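Accompanying notes for the structure given below.
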Amino acid sequence: MRLDGLELRVVRMPLVAPFTTSFGTETVREALLVHAVSGDDEGWGECVAMAGPLYSSEYLDGVIDVITRFLGPMLLGAATVTAETVGALLEPVVGHRMAKAALEAAVLDLQLRRAGVSFAAYLGATRDRVPSGVSVGIQPSIDDLVEVVGGYLDRGYVRIKIKIRPGWDVAPVRALREAFGPGIPLQVDANSAFTLADAAVFRQLDEFGLLLIEQPLYEDDIRLHAELARMISTPVCLDESIVSARAAADAIALGAASVLNIKAGRVGGYLEARRIHDLAVANGVAVWCGGMLETGIGRSANAALAALPGFTLPGDISASDRFYETDITPPVLIEDGHVAVPQGPGMSPLPIPELLDAVTVRTSRSTRP
Ligand code: OSB
Ligand code: MG
């Protein structure tokens, strides 16, 4: 295809409740949507970058800048673009994976809509629904945590992940085991908040039969994760550290992770995400699909990715209403603990224009030179 134009839209959507991690508290999601146009066809890609550079070095305004100045013109100036060549076209720009991923997704969505093919079919997904896990933020008190988790279990979520940080680690896990028993699938996510000097905390967590510990240490230290993995029995899972298939191969080879969280945005796109899935399967490493507070656009695409056969653990693929009272697409629903894999053309249902306009706070457009 030849791209005719790119529209960048910033949406601002209030969260149903504050979401606290080891790196901060969010009360509103500001997200960038990329709208690609070619002839009469359109495609949408959601960027996972957050407003501030706290989870990753990328952030919303930085993404808009790098797309506007560099990545957008590279795609708009190309004689022909396909989803499969976006990565190579943008390769000269170092990093900025979340920005690149959003562009690739918009092109892929357009390409699939034009061909009348679903993302699930394109990927070779093997399931029509995926188990739904929920990521639970740090709460004001242990009692609040038990109540909030109880609510999600009542809604049918099949796996609970709680955010931890130093001082909010062993006690919340113990409280959940006491309240709900040893049987509920439970895991923790530290978002890099600990050091190897906290090894005693992780040894204590070993007692609770957790599915995994996600990203306990620095994002750029694979070796220390390998050291920690040798010290504890709970599987170590990496999120922030896995920025590419190469990083995944290193982590696996060094024994730094026996489980991987795959987020397409973090690794530069859904095609790289699938390469990591394939690599993990070949190495006997379990993967699951992470989330980034996506709207229905990114959430739907994640559901299709998670329907690949190597995604053997439940993902952070919750219903729209876990974060948003009103989504910009028809809401993603949880039914019997699962989310349906979208079967329509493209990567997600189209946003509903009135709902999208109601939350759009900024728009910019660029066209082919
Ligand atoms: O580390 O997985 C993470 C949200 C924002 C940034 C990082 C993370 C998260 C989550 C939420 O855990 C996952 C979701 O969207 O449900
Ligand atoms: Mg994480």
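For ligands, and for the atoms within them, numbers begin at 1 and follow the listed sequence. Note that the structure is predicted; figures quoted are calculated from it, not measured. The analysis underlying the following values was restricted to heavy atoms, covering all of them including side chains, and did not include hydrogens, waters or symmetry mates.
- Atom numbering of ligand 1 starts at 1 in the shown order; those under 4.0 Å from a heavy atom of Lys263 are 1 (O), 2 (O), 3 (C), 7 (C), 8 (C).
- Residue contacts with ligand 1 do not include Arg299, since none of its heavy atoms lies under 4.0 Å from the ligand.
- For Asp41 and Arg113, the salt-bridge test fails: no basic side-chain N is under 4.0 Å from an acidic carboxylate O.
- Considering backbone and side-chain atoms together, Asn261 places no N or O closer than 3.5 Å to any N or O of ligand 1.
- A salt bridge does not link Arg174 with Asp169: every distance from a Lys NZ or Arg NE/NH1/NH2 to an Asp or Glu carboxylate oxygen is 4.0 Å or more.
- The protein atom (non-hydrogen) at minimum distance from atom 13 (C) of ligand 1 is Gly291 O, 3.3 Å.
- Note: no N/O pair closer than 3.5 Å links Glu240 and ligand 1 by distance alone.
- Atom 4 (C) of ligand 1 has as its closest protein heavy atom Leu293 CD1, 3.3 Å.
- Side-chain atoms of Ser233 and Arg203 form no donor-acceptor pair, as typed in the model, at a separation below 3.5 Å.
- Taking 4.0 Å as the cut-off between side-chain N and carboxylate O, Arg155 and Asp321 count as a salt-bridged pair.
- Between the side chains of Asp144 and Ser141, at least one donor-acceptor pair of N or O atoms lies under 3.5 Å.
- Between the side chains of Ser38 and Arg114, at least one donor N or O sits under 3.5 Å from an acceptor N or O.
- At the shortest separation from atom 1 (O) of ligand 1 among protein heavy atoms lies Asn191 ND2, 2.7 Å.
- Taking a cut-off of under 4.0 Å to the non-hydrogen atoms of Glu214, the atoms of ligand 1 that pass are 2 (O).
- The ligand atoms of ligand 1 that sit less than 4.0 angstrom from a heavy atom of Asp239 are 1 (O), 2 (O), 3 (C).
- Scanning the protein for heavy atoms near atom 16 (O) of ligand 1, the closest one is Phe323 CE1, 3.4 Å.
- Using a cutoff of 4.0 Å between basic side-chain nitrogens and carboxylate oxygens, Arg9 and Glu7 are scored as salt-bridged.
- Interface of Phe19 with ligand 1, defined as ligand atoms under 4.0 Å from a residue heavy atom, comprises 4 (C), 10 (C), 11 (C).
- No donor-acceptor pair closer than 3.5 Å links the side chain of Asp128 to the backbone N or O of Val341.
- Using a cut-off of 4.0 Å between Lys/Arg side-chain N and Asp/Glu carboxylate O, Arg69 and Asp65 are scored as salt-bridged.
- Leu75 is not listed as a side-chain neighbour of Leu71, based on a closest heavy-atom distance of 4.5 Å or more.
- The aromatic rings of His277 and Phe311 sit parallel, their planes meeting at an angle under 30°, below the 60° perpendicular limit.
- Panel detail: the Mg ion (ligand 2) has protein N, O or S atoms under 2.8 Å away, 3 in number.
- Counting heavy atoms closer than 4.0 Å to ligand 1, residue Asp189 contributes side-chain atoms (C-beta onward) but none from N, CA, C or O.
- For Glu46 and Trp44, the side-chain atoms include no donor-acceptor pair closer than 3.5 Å.
- Ion pair Arg165/Asp198 not flagged as a salt bridge, since none of the NZ, NE, NH1 or NH2 atoms sits closer than 4.0 Å to an Asp/Glu carboxylate oxygen.
- In this structure, Glu227 pairs ionically with Arg223, as a charged nitrogen and a carboxylate oxygen lie closer than 4.0 Å.
- Close approach to Lys163 involves these atoms of ligand 1, each under 4.0 Å from a residue heavy atom: 1 (O), 2 (O), 3 (C), 8 (C), 9 (C), 10 (C), 12 (O).
- Listed by number with element, the atoms of ligand 1 under 4.0 angstrom from any heavy atom of Tyr55 are 1 (O), 6 (C), 7 (C).
- Close approach of ligand 1 to Lys161 (heavy-atom distance below 4.0 Å) involves ligand atoms 2 (O), 3 (C), 12 (O).
- Of all protein heavy atoms, the one closest to atom 6 (C) of ligand 1 is Met292 SD, 3.4 Å.
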